[in-house]
Amino acid sequence: QVQLVESGGGLVQAGGSLRLSCAASGRFFSINKMGWYRQAPGKQRELVADIGSSDSTSYADSVKGRFTISRDNAKNTVYLQMNSLKAEDTAVYYCNAHVRSGAIVIYSDYWGQGTQVTVSS
């Protein structure tokens with residue numbers, strides 16, 4: 001089983017910054033893609049950014065130039081540096097990891113419990 005533990009959410013004023021972290025633990029063979037999703041009240045969960053095992057990244061258009069995703073493979077941890085935050089960034093942010101459990105090449109998706117980010121205008 002794989003556990004994802006997020007940290008770093010909170011309340012910040014518009015224009016401010018936050019850094020989210022998500023550490024994976026448990027028994028697994030490898031982690032392929034890791035990413036951050038968010039869900040605002042009344043809206044569907046959406047991809048914010050993701051990063052592959054070779055550090056290839058992708059971002060939602062709404063966060064390009066403001067957010068940066070990175071990972072530390074030695075620590076099985078993914079980060080999301082969020083700068084120039086806006087009120088519309090307010091949401092619960094979820095970590096996601098695409099994990100290979102064992103020798104057989106089968107991947108499963110795991111989710112963190114979510115961390116609240118609130119940006120006051």
Side-chain angles (χ1 to χ4, degrees):
Q1 194 62 285
V2 177
Q3 295 81 40
L4 301 179
V5 179
E6 299 138 339
S7 61
L11 173 64
V12 65
Q13 288 188 334
S17 299
L18 284 174
R19 187 188 193 215
L20 305 182
S21 300
C22 172
S25 62
R27 295 188 63 181
F28 53 87
F29 186 84
S30 64
I31 301 177
N32 186 5
K33 186 170 291 188
M34 301 185 80
W36 290 95
Y37 289 71
R38 68 186 181 187
Q39 187 166 19
K43 295 187 177 181
Q44 289 189 330
R45 189 174 297 189
E46 62 175 359
L47 174 67
V48 176
D50 61 26
I51 182 167
S53 56
S54 58
D55 289 344
S56 60
T57 60
S58 64
Y59 295 90
D61 288 342
S62 59
V63 306
K64 283 181 181 177
R66 300 187 297 122
F67 292 9
T68 302
I69 190 170
S70 60
R71 65 190 285 174
D72 183 335
N73 291 327
K75 296 181 179 180
N76 295 315
T77 298
V78 63
Y79 305 96
L80 185 68
Q81 178 66 44
M82 305 185 293
N83 298 328
S84 302
L85 282 160
K86 304 175 181 180
E88 50 263 43
D89 295 318
T90 295
V92 178
Y93 284 68
Y94 296 91
C95 174
N96 170 267
H98 201 52
V99 178
R100 177 179 166 182
S101 299
I104 298 175
V105 184
I106 297 177
Y107 288 88
S108 300
D109 275 318
Y110 291 88
W111 294 89
Q113 79 284 0
T115 185
Q116 177 70 46
V117 171
T118 302
V119 183
S120 62
S121 57

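All values below come from the heavy atoms of this structure, side chains included, with hydrogens, waters and symmetry mates left out.
- Placement of Phe28 and Ile51 within a single hydrophobic cluster is found when ILVMFWY residues are connected by side-chain heavy-atom separations under 4.5 Å, directly or transitively.
- At distances below 3.5 Å, at least one donor-acceptor pair connects side-chain atoms of Glu6 with backbone N or O atoms of Gln113.
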key: Stepwise side chain to side chain donor-acceptor pair (under 3.5 Å) test for Asp50 and Ser58   = CA-CA 6 Å; Asp50 61 26; Ser58 64; 2.4 Å; yes
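- Using a 4.5 Å heavy-atom cutoff, the side chains of Leu20 and Val117 are in contact.
- Taken from CD in Gln1 to OG in Ser101, the straight-line distance is 8.0 Å, to the nearest 0.5 Å.
- The line from CG of Asn32 to OH of Tyr107 is 5.0 Å long, rounded to the nearest 0.5 Å.
- Note that the OH atom of Tyr110 and the CE atom of Met34 stand 13.0 Å from one another [nearest 0.5 Å].
- For the pair Trp111 and Cys22, the minimum side-chain heavy-atom distance is 4.5 Å or more.
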message = Checking Trp36 against Cys95 for the side-chain contact (heavy atoms from CB on, under 4.5 Å) test, could you report, in this order, the C-alpha distance in whole Å, the side-chain angles of both residues, the deciding distance, and whether it holds?
response = CA-CA 5 Å; Trp36 290 95; Cys95 174; 4.0 Å; yes
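- Ser108 has its side chain out of reach of Val99: every pair of non-hydrogen atoms, C-beta onward, lies at least 4.5 Å apart.
- Looking at heavy atoms from C-beta onward, Arg71 lies in side-chain contact with Asn73 at the 4.5 angstrom threshold.
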Pair Gln116-Thr90, side-chain contact (heavy atoms from CB on, under 4.5 Å): steps then yes or no = CA-CA 8 Å; Gln116 177 70 46; Thr90 295; 4.0 Å; yes
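- Because its NZ or CZ atom is both nearer than 6.0 Å to the ring centre of Phe29 and within 45° of the ring axis, Arg100 counts as a cation-pi partner of that residue.
- Using a 4.5 Å heavy-atom threshold, the side chains of Ser62 and Arg38 count as touching.
- The closest side-chain heavy-atom distance from Leu85 to Phe67 is below 4.5 Å.
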key: Working for side-chain contact (heavy atoms from CB on, under 4.5 Å), residues Tyr79 and Thr68   = CA-CA 8 Å; Tyr79 305 96; Thr68 302; over 6 Å; no
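- Here the CD1-CD distance, from Ile69 to Gln81, works out to 12.0 Å after rounding to the nearest 0.5 Å.
- One finds the CG atom of Leu18 at 9.0 Å from the OG1 atom of Thr115 (value rounded to the nearest 0.5 Å).
- Side-chain contact between Tyr94 and Val92: present, with at least one pair of heavy atoms (C-beta onward) separated by less than 4.5 Å.
- Looking only at side-chain heavy atoms (C-beta outward), Arg66 and Asp89 come within less than 4.5 Å of each other.
- Residue Tyr37 is not grouped with residue Val78 when hydrophobic side chains (ILVMFWY) are merged at heavy-atom distances under 4.5 angstrom, including chains of intermediate members.
- Here the closest non-hydrogen pair linking Ser121 and Ala87 is CB-CB, 4.1 Å.
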